[in-house]
Protein chains: 4
Amino acid sequence: MTHSKSVRQSPGKRERLAAAAAQVLHEQGVEQTTIADIARAADVPLGNVYYYFKTKDQLVEAAIDAHAQSLRSMIGVLDELPAPQDRLKALLNGWVEQRELTARHGCPTGTMASELDKRADGLDQSVAKVIQVLLDWVEQQFQAMGRSDSRELAVALIAAYQGISLLTNTFRDPDLMAAEGRRLERWIDSLT
Amino acid sequence: MTHSKSVRQSPGKRERLAAAAAQVLHEQGVEQTTIADIARAADVPLGNVYYYFKTKDQLVEAAIDAHAQSLRSMIGVLDELPAPQDRLKALLNGWVEQRELTARHGCPTGTMASELDKRADGLDQSVAKVIQVLLDWVEQQFQAMGRSDSRELAVALIAAYQGISLLTNTFRDPDLMAAEGRRLERWIDSLT
Amino acid sequence: MTHSKSVRQSPGKRERLAAAAAQVLHEQGVEQTTIADIARAADVPLGNVYYYFKTKDQLVEAAIDAHAQSLRSMIGVLDELPAPQDRLKALLNGWVEQRELTARHGCPTGTMASELDKRADGLDQSVAKVIQVLLDWVEQQFQAMGRSDSRELAVALIAAYQGISLLTNTFRDPDLMAAEGRRLERWIDSLT
Amino acid sequence: MTHSKSVRQSPGKRERLAAAAAQVLHEQGVEQTTIADIARAADVPLGNVYYYFKTKDQLVEAAIDAHAQSLRSMIGVLDELPAPQDRLKALLNGWVEQRELTARHGCPTGTMASELDKRADGLDQSVAKVIQVLLDWVEQQFQAMGRSDSRELAVALIAAYQGISLLTNTFRDPDLMAAEGRRLERWIDSLT
DNA sequence: TATGAATGAGGGTTCATTCAT
DNA sequence: TATGAATGAACCCTCATTCAT
């Protein structure tokens, strides 16, 4: 946000850093990742990183923001679909499509939530907000389907995704995600 | 199990360290926990830790073993119950009873699986095995209930637990676990 | 004085920087002050500072010069007074009037002399010269008062001021300066 | 204090570090001194320093304590003298004897007070306390001499010392201290 | 076995200075 | 001249691991 007007600087360097942070932090975890790792991934000299982000935490925050952003854009696409059931199934579809990545590193938001919870800073709240956004959206879909227990169903769906992501990752088996995706699809159909 | 032959050494010091490791690692996460933390929690002098565990990884392994052990003993208790449905519901019950702890630190095994996956060592495989044991047991119950899709159902149940643990922890809301527990109970009933 | 020929450049920017340096360095000390601090205080872009001053040392030098300048102008005012005793008492007066600032940050010249002595560069000599100027002027006053021990008395007076500045600052008590000012006034009266 | 009982450790390492800190910080100033400098001066491996002092600030505090300690012992010696005038003159004597060191680095306590004042931490208060001790002791001597203005005189004497230390250091001229010492001796004699 | 102490390899961060425009 | 950005050397501090007794 802050530097968006400046034209002099290598364009999008801040964004490049945020994107690199999002990727590397997902792959290696927050604690295992050094600022030098992120700098290298973004092809930015180490010292220069601090021009854009004053602390490692701010880089983590930026990575979370990046995930939030891609979540919002995904939701934007899903909202194009007319029927709420189809929106939810499209969401499932996206998850299943990402199963290889998930098998390797887990759900980006979920692993971060898990790891950041162990720390004193407020970053865990930032991740919580991201998940909340998705939760709210899913709830709306169930509501649109006429379910009065929409909240509970939304929690169940997100939990199912987070849980299968963890198993997919732990066993490094993308098929787990695929199978659970099909099961959840049937479950959604059964709710109408 | 390990070292059961050596009787000479200070009784249970190794076990005390393993137990302390299990607890502290759950509370703080692997990366955030120093050997000194564990030594202090076990009331063992720092230097002495290395007599029992040559590396930090071995301590982590011992903590995983401790979790495996308590899982086995839990399974032992559950197996007393005659009906597989009741066994599964008792399992659910245990999860719900632990919801406060889960809200604070997540599922011990799940958070470790998530964190250890980011590391190069083979510790992630150790956690995977622990989860595998539970998975297999749940599968057996579904099989005993006459379900041919027992594996898929087992995966779904464990995933649901792992996922709701993560949400419970992220939002620090034990009620999430309670509600999902009730929902899963109904789901199990519906499978007969 | 310096650069008075160049008229083209943004008027007084160099002076603004020197003045800002003098103030901020007094408030924060040389080591605690970054070039960015001075740039901000002078409302000059960081990079631009280096157009006027090639190194931090040169900025410090400029700050010292600024203090020298204000010392010279003060002496100019004092010299208007006809009697040397009155000139010295007016000097005391000025010190006492600044006691609040001194309580907060000490004597600008004294604290710099103290800090710069610890460094390898020749800046300590620059501060020494400033103090020398004052010392010489005070000596002249005592000489005009007919004292043959004028040098010793001058040293004593400046030392008393530097010392009480340090105590005033250390204990953050401006009253110390006020009381010592009165005492020194009586002392001067006693010398005639 | 804390480690005084332990016999295993290289005896007095903590003290060696504190002494080295006191010396090096006096010579180079707080900001100019790195922990590595102190470690080298004490012949202690860098990392090991942190076993005894958790932060640089604690090392500075230890150095201040060392100065306080030597002040106390000096006072102990002076108190042996029967007459308060002689005690004060002996104090002066000690200052004059140290004039070479003072010319090179200033008064250890004074320069620290000056430098630490610029920092946010509470270390300045620690130095203030040290000076306070000396101030109180000097005041007692003047009181014993029957002076009702003992506090003011004490402040004046300490200020004179601090000030002449600064000048002695700034001009690197130990004779300044010597001359002022003689002058203050006469002054004390004149007060009886 | 037990224990305080020692070691050293990183990691995060700061900042004077330089660069490119 | 003006300016945001880039660079890299240093510094403080942590911690797994080893040592000496």
Side-chain angles (χ1 to χ4, degrees), chain A residues 2-3 5-11 13-14 31-39 43-60, chain B residues 6 8-10 13-14 31-39 44-60, chain C residues 6 8-10 13-14 30-39 44-60, chain D residues 2-3 5-11 13-14 31-39 43-59:
Chain A
T2 350
H3 291 252
K5 47 194 157 183
S6 164
V7 184
R8 208 72 57 125
Q9 68 189 328
S10 173
K13 209 165 191 182
R14 190 189 171 84
E31 299 292 331
Q32 298 283 332
T33 300
T34 71
I35 300 243
D37 287 337
I38 297 173
D43 197 33
V44 166
L46 175 56
N48 196 16
V49 172
Y50 284 87
Y51 184 80
Y52 297 93
F53 300 95
K54 293 205 189 320
T55 65
K56 185 179 179 182
D57 277 7
Q58 284 190 16
L59 257 174
V60 176
Chain B
S6 155
R8 211 67 60 129
Q9 63 195 350
S10 170
K13 214 165 189 182
R14 189 190 170 84
E31 299 293 330
Q32 298 282 333
T33 299
T34 69
I35 302 255
D37 286 337
I38 297 173
V44 167
L46 174 57
N48 200 12
V49 172
Y50 281 85
Y51 179 80
Y52 298 94
F53 301 96
K54 292 211 185 319
T55 65
K56 185 178 179 181
D57 278 8
Q58 286 189 16
L59 257 175
V60 176
Chain C
S6 155
R8 214 65 61 125
Q9 63 194 352
S10 171
K13 215 166 189 181
R14 189 190 170 84
V30 174
E31 298 293 330
Q32 298 283 334
T33 299
T34 70
I35 301 257
D37 287 336
I38 297 174
V44 168
L46 174 58
N48 200 11
V49 171
Y50 281 85
Y51 179 79
Y52 298 95
F53 301 96
K54 292 209 186 320
T55 66
K56 185 179 180 181
D57 278 8
Q58 286 188 16
L59 256 175
V60 176
Chain D
T2 350
H3 292 251
K5 49 196 159 183
S6 164
V7 185
R8 208 71 59 127
Q9 69 189 324
S10 174
K13 211 168 191 180
R14 191 190 170 84
E31 299 293 331
Q32 297 284 333
T33 300
T34 71
I35 300 241
D37 287 337
I38 297 173
D43 198 32
V44 166
L46 176 56
N48 196 15
V49 172
Y50 285 88
Y51 183 79
Y52 297 93
F53 301 95
K54 293 206 189 319
T55 65
K56 185 180 179 181
D57 277 8
Q58 284 190 15
L59 257 175

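In what follows, chains carry the letters A, B, and so on, assigned in the order in which the sequence lines appear, proteins first and then strands, with residues in each chain numbered from 1. Computed from a prediction, not measured in an experiment: that's the story for all the values here.
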Can you check side-chain contact (heavy atoms from CB on, under 4.5 Å) on A:Val49 and A:Ile38, steps first, answer last?
CA-CA 9 Å; A:Val49 172; A:Ile38 297 173; 5.9 Å; no
Nearest whole angstrom, please: distance from the P of F:dC13 to the CG of D:Asn48.
15 Å
Just how far, in rounded Å, is C1' of E:dG11 from CG of A:Leu59?
14 Å
Starting from P on F:dA16, measure out to CD on B:Gln58 and report it in whole angstrom.
15 Å
Give a yes or no on whether the backbone of A:Asn48 and the side-chain of A:Lys13 come within a donor-acceptor separation of less than 3.5 Å.
no
Determine: side-chain N/O of B:Tyr51 to OP1/OP2 of E:dT3, distance under 4.0 Å, yes or no.
no
Between atom CG in D:Asp43 and atom P in E:dA6, what is the gap in whole Å?
12 Å
Does A:Arg14 count as lying over the ring of A:Phe53, i.e. NZ or CZ under 6.0 Å from the six-ring centre, within 45 degrees of the axis?
yes
Starting from C1' on E:dA16, measure out to CD on C:Gln32 and report it in whole angstrom.
15 Å
Under the side-chain hydrogen bond (donor to acceptor under 3.5 Å, both in side chains) rule, collect the residues that match up with A:Asp37, sequence neighbours excluded.
A:Thr34, A:Arg40
I need the CD-C1' distance between A:Glu31 and E:dG12, as an integer number of Å.
12 Å
Specify the closest pair of heavy atoms between C:Ala39 and C:Pro45, including all atoms of both residues, with the distance to one decimal.
CB-C, 4.5 Å
If you pin B:Val44 and C:Ala36 to their nearest nucleotides in DNA chain E, which one's is more 5'?
B:Val44
Taking only side-chain nitrogens and oxygens of B:Lys13, does any of them come within less than 4.0 Å of OP1 or OP2 of E:dA2?
yes
So, do D:Leu59 and D:Ile35 sit near enough that their side-chain heavy atoms are less than 4.5 Å apart?
yes
N/O to N/O distances under 3.5 Å, protein versus nucleotides 17-20 of chain E:
{"from": "E:dT17", "atom 1": "OP2", "to": "C:Lys56", "atom 2": "N", "distance (Å)": "2.8"}

Length of the line joining C:Tyr52:OH and E:dA16:P, which is rounded to integer Å:
20 Å
Stems field, DNA chain E, Watson-Crick or wobble, 3.5 Å, at least 3 pairs, by first number, holds E:2-21 with F:2-21
Closest non-hydrogen atom pair, D:Glu31 against D:Lys56
O-NZ, 4.2 Å
What closest approach, in Å, do C:Lys54 and C:Gln58 show between heavy atoms, and which atom pair accounts for it?
N-OE1, 3.2 Å
Comparing C:Pro45 with D:Thr33, nearest DNA chain F nucleotide closer to 5' gives the residue C:Pro45
